[in-house]
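Heads up: the structure comes next, in structure tokens.
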Amino acid sequence: MAPSDTITSRTETLMKYMSLDQKGQIIAEYVWVDAEGNPRSKSRTLPEKKNYTPEDLPIWNFDGSSTGQAPGDNSDVYLKPVAIFPDPFRGSPNIIVLAECWDADGQPNKFNYRHECAKIMEATAEHEPWFGLEQEYTLLSQNDRPYGWPDAGFPAPQGPYYCGVGTGKVVQRDIVEAHYKACLYAGIKISGVNAEVMPAQWEFQVGPCVGIEMGDHLWVARYLLHRISEDFGAKVSVNPKPIPGDWNGAGLHSNFSTKEMREEGGMKHIETAIKKLEGRHKEHIAVYGEGNELRLTGKHETGAIDSFTWGVANRGASIRIPREVGAKGYGYFEDRRPASNSDPYRITAILMETCFGNTTA
Ligand code: ADP
Ligand code: MN
Ligand code: MN
Ligand code: MN
Ligand code: MN
């Protein structure tokens, strides 16, 4: 039997159990982010109840020494629920619970970037920040090659693959479709998907999201993607330059606006923000992902890592003002620098802190 037949028959068998009555109990899947920026999760049973809020949910814990988040001699890390989503795998009333990591001494865990981000978002809420992140990623087969690539050698050069349609242009569209539907079911503000420039590379967009919601929705969307790819036997890579050479890297373009930028005459506020970003370029690059120097070369629709540039409709710049925004004179801008593996809490926090100062200190 071919491996795909095996997966199909196992899925059919699994379905018999998925519809069993849960007898007044729900399953809550607690999701958190580990030391390396991978989603982790575990499940627990809770009594069924309508409209759980994060405050109703128990604080839980896990073995942080197994995730690189704590030493073995003091390994308990606490999971503090912060957001709830309908579970597309088990179906409602089962839930996904996004949790922050806290140490036993009452401090946020070293890798809990959400805590600081939430404080900054609260302190600057009057500016009503909107974010829209474009998550690029590459699907790999079990041998860590991009899916559908020859084991030795390369596919034909880039060109036909971006927004491609048809055999030989795209692979694994079933994963992309399943993920899109699962995000909608979960209430993720997913705004679109497209095939990317490098074959086996895809993108989904989440936004506009307000404040802390951006990081929450993107992390749950990432969790769903990993979980769905597991069903299809593919791996998800957020490596910003998965294949060296003449192949596009993967980013997390971050579209950003404040209330002032979205109003008539907003361009003035967009330009002020870009000037502030320019002065902090190095600090931003430091939190915009690992291995980004291999991606930000100035080629393949990127700006070079050592220079800060901006322009209307310029995809070779650090910052792009969309053409339509340039024409209208208000709207938003796109920070093209973040790598696909960067943390949305760190990006959105530093953008707000750069524009409005460290108001939480
Ligand atoms: P690109 O042309 O760079 O590929 P996409 O269409 O992939 O752009 O993504 C654009 C993103 O910008 C979307 O996530 C969208 O929600 C977001 N966006 C649109 N308007 C705003 C705005 N005013 N403020 C912040 N983000 C916005
Ligand atoms: Mn155990
Ligand atoms: Mn895009
Ligand atoms: Mn893209
Ligand atoms: Mn973009």
Side-chain angles (χ1 to χ4, degrees), residues 121 124 127-139 158-159 161-164 170 176 180 183-184 188-218 221-222 237-242 247-267 269-270 273-274 277 288-289 292 295-296 299-303 310-342 344 347-348 351-352 355:
M121 293 303 169
T124 56
H127 301 287
E128 296 174 23
W130 291 7
F131 302 97
L133 266 49
E134 304 168 49
Q135 176 71 64
E136 294 180 335
Y137 61 95
T138 310
L139 291 169
Q158 295 183 157
Y161 312 116
Y162 170 73
C163 296
V170 295
V176 177
Y180 203 161
C183 282
L184 291 175
I188 301 297
K189 290 185 175 173
I190 186 166
S191 50
V193 303
N194 61 267
E196 267 305 334
V197 175
M198 186 183 97
Q201 201 173 83
W202 291 87
E203 167 179 313
F204 65 86
Q205 301 101 31
V206 178
C209 288
V210 183
I212 194 69
E213 182 186 61
M214 183 69 252
D216 290 353
H217 281 222
L218 191 76
R222 283 175 170 179
S237 169
V238 288
N239 184 333
K241 192 74 180 181
W247 303 98
N248 273 34
L252 187 65
H253 294 170
S254 300
N255 300 276
F256 170 50
S257 65
T258 60
K259 179 167 153 269
E260 299 80 14
M261 296 176 197
R262 293 188 296 271
E263 287 167 358
E264 197 110 349
M267 189 59 79
H269 295 276
I270 291 176
I274 292 173
L277 263 58
Y288 278 1
N292 209 11
R295 164 180 167 260
L296 294 181
K299 289 192 215 150
H300 305 111
E301 302 171 47
T302 69
W310 63 282
V312 174
N314 185 353
R315 289 177 193 266
S318 319
I319 306 289
R320 175 178 69 103
I321 297 176
R323 188 177 301 289
E324 165 220 347
V325 173
K328 280 193 312 195
Y330 61 93
Y332 66 100
F333 66 88
E334 176 189 46
D335 189 343
R336 299 176 61 81
R337 298 171 295 168
S340 45
N341 59 2
S342 44
I347 299 171
T348 57
L351 284 172
M352 287 306 277
C355 290

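Each ligand, and each atom within it, is numbered from 1 in the order the structure gives. These numbers were taken from a predicted model, which means no experiment stands behind them. Residue numbers start at 1 and run along the sequence shown.
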query = Would you say E128 and V210 make side-chain contact, with heavy atoms under 4.5 Å?
reply = no

message = At less than 4.0 angstrom from any non-hydrogen atom of E203, what atoms of ligand 1 do you find?
response = 7 (O)

message = Please determine whether any non-hydrogen atom of R320 lies less than 4.0 Å from an atom of ligand 1.
response = yes

ask   = Is it the case that Q158 and N248 place a side-chain donor and acceptor less than 3.5 Å from each other?
value = yes

query = Contact between R315 and ligand 1, counting heavy atoms under 4.0 Å?
reply = yes

note = To the Mn ion (ligand 4), the closest N, O or S atom belonging to E136 is OE2

ask   = Considering only the protein, which heavy-atom contact is closest to atom 4 (O) of ligand 1, and what is its distance?
value = E134 OE1, 3.1 Å

message = Using a 4.0 Å cutoff against the non-hydrogen atoms of G207, which atoms of ligand 1 qualify?
response = 16 (O)

task = Mind checking the NE2-CZ spacing from H300 to R315? Nearest 0.5 Å is all I need.
result = 16.0 Å

For S257, atoms of ligand 1 separated by under 4.0 Å from a heavy atom = 22 (C), 23 (N), 24 (N), 25 (C)

task = Name the closest protein heavy atom to atom 25 (C) of ligand 1, giving the residue it belongs to and the distance to 0.1 Å.
result = W130 O, 3.5 Å

ask   = Of all the heavy atoms in G331, does at least one lie under 4.0 Å from an atom in ligand 1?
value = no

request  = Report yes or no: does E134 have an N/O/S atom closer than 2.8 Å to the Mn ion (ligand 4)?
outcome  = no

query = So what does the E203 OE1 - the Mn ion (ligand 4) - E196 OE2 angle come to, to 10°?
reply = 90°

request  = Measure the OG-OH distance between S191 and Y180 for me, rounded to the nearest 0.5 Å.
outcome  = 7.0 Å

remark   = Residues passing the salt bridge (Lys or Arg N to Asp or Glu O under 4.0 Å) test with E196, sequence neighbours excluded, are none

inquiry  = Can you tell me which residue among E334, M214, M261 is in a side-chain contact (heavy atoms from CB on, under 4.5 Å) with F256?
reply    = M261

request  = Return the residue, atom name and 0.1 Å-rounded distance of the protein heavy atom closest to atom 11 (C) of ligand 1.
outcome  = N255 ND2, 3.2 Å

query = For ligand 1, which part of S191 has a heavy atom less than 4.0 Å away: the side chain, the backbone, both, or neither?
reply = side chain

inquiry  = I'd like to check whether F256 has a polar contact with ligand 1, where a contact means an N/O of the residue lying under 3.5 Å from an N/O of the ligand.
reply    = no

request  = Around atom 17 (C) of ligand 1, find the nearest protein heavy atom and jot down its residue, atom name and distance.
outcome  = G132 CA, 3.8 Å

